[in-house]
Amino acid sequence: MDKITTDSYEQLTDHRPWGSFTILADEADHKVKRIVVKPGHRLSLQRHKHRQEHWLMVSGTAVVTRNDDLITLGPGQAIDIALGDIHRVQNDGKVDVVFIEVQLGDYFGEDDIERLEDDYGRIAQEQG
C-alpha cells in the first residue's frame, strides 16, 4: 500500500504592477504558477526561448494574445503556448483573472522573458 507523505515548503508570491504570481511547484523538469491579473491590467507581450506553457483558466475572463490571434478564455478553458510563441494575457473585466500556468522546458528563470511590449516600463529597465 502506498503511503501518503507530507512535505512542507514555502509558497512564494511575487507582486507585480499587473497582479501577482505564486509558485506552486519548481522542479528540474517543470514549474507551476498560480497567476492573478487585476482588472484593467495585462502582462507584457513576450516570448520565451527555453520553455513552453500550458494555461488553465480558473476564474474571470481573459483575452489571450497568441501570435496573431486574440482568444477569449473563461473558467475551465485552456490554451497551449509553444516555445517561441508571442503571447500575453489581459483582463478587460471587473474581477481578477486567475489561471494556472505549467511550464515545460529546460530553464524556468524569470530572465527567460523577452518583452516586446510592456505597459510598466520594464523594457527600458532591462536594456539600461
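Between D112 and K49, the shortest heavy-atom distance links the atoms OD1-N, 3.0 Å. Nearest approach of P75 to S59, heavy atoms of both residues: CG-CA, 3.9 Å. When all heavy atoms of V37 and F99 are compared, the closest pair comes out as CG2-CE2, 4.2 Å. Looking at every heavy atom in both residues, H15 comes nearest to S20 through ND1-CB, 3.8 Å. When all heavy atoms of A62 and M57 are compared, the pair lying nearest together is CB-SD, 3.9 Å. Here the closest heavy-atom approach between residue T61 and residue N91 is recorded as O-OD1, 4.1 Å.
The CZ atom of R88 lies 7.5 Å from the OG atom of S44; values are rounded to the nearest 0.5 Å. Taken to the nearest 0.5 Å, the CG atom of L70 stands 4.5 Å off from the OG1 atom of T65. The line from CD of E114 to CD1 of I123 is 9.5 Å long, rounded to the nearest 0.5 Å. Within the model, atoms CD of E117 and CG of L43 stand 13.0 Å from one another, a figure rounded to the nearest 0.5 Å. In this structure, I23 CD1 and E101 CD are separated by 10.5 Å, a value rounded to the nearest 0.5 Å. Separating the CZ atom in R51 from the CG atom in D106 is a distance of 11.0 Å, to the nearest 0.5 Å.
For R34, the CZ atom sits in a loose shell: 12 or fewer heavy atoms of surrounding residues, nucleotides or ligands are nearer than 6.0 Å.
Between the R66 side chain and the H87 main chain, no donor and acceptor come within less than 3.5 Å of each other.
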Under the criterion side-chain contact (heavy atoms from CB on, under 4.5 Å), I'd like the reasoning laid out for L24 against I100: C-alpha separation, chi angles, the key distance, then a yes or no.
CA-CA 9 Å; L24 304 176; I100 302 300; 4.2 Å; yes
Would you check, one step at a time, whether the test side-chain contact (heavy atoms from CB on, under 4.5 Å) holds for H41 with R16?
CA-CA 11 Å; H41 289 269; R16 301 292 173 106; over 6 Å; no
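Follow the hydrophobic side-chain contacts under 4.5 Å out from W55 and you reach W18 in the same cluster. No path of Ile, Leu, Val, Met, Phe, Trp and Tyr side chains, each step under 4.5 Å between heavy atoms, connects V58 with V63, placing them in separate hydrophobic clusters. Taken together through direct or relayed side-chain contacts under 4.5 Å among Ile, Leu, Val, Met, Phe, Trp and Tyr, L56 and I81 form parts of separate hydrophobic clusters. Both I35 and I71 sit in one connected hydrophobic cluster of ILVMFWY residues. Membership requires side-chain heavy atoms under 4.5 Å apart, directly or through other members. In the hydrophobic cluster analysis, where Ile, Leu, Val, Met, Phe, Trp and Tyr join through side-chain heavy atoms closer than 4.5 angstrom, Y120 is grouped together with V89.
The aromatic rings of H50 and Y107 lie perpendicular to each other, with more than 60° between the two planes, well past the 30° mark.
Within the cation-pi definition used here (under 6.0 Å to the ring centroid, within 45° of the axis), K33 qualifies as a partner of F21.
Checked by atom type, the side-chain pair H54/D80 shows a donor-acceptor distance below 3.5 Å. For the 3.5 Å distance criterion, the side chains of Q103 and H48 fail to qualify, holding no donor opposite an acceptor.
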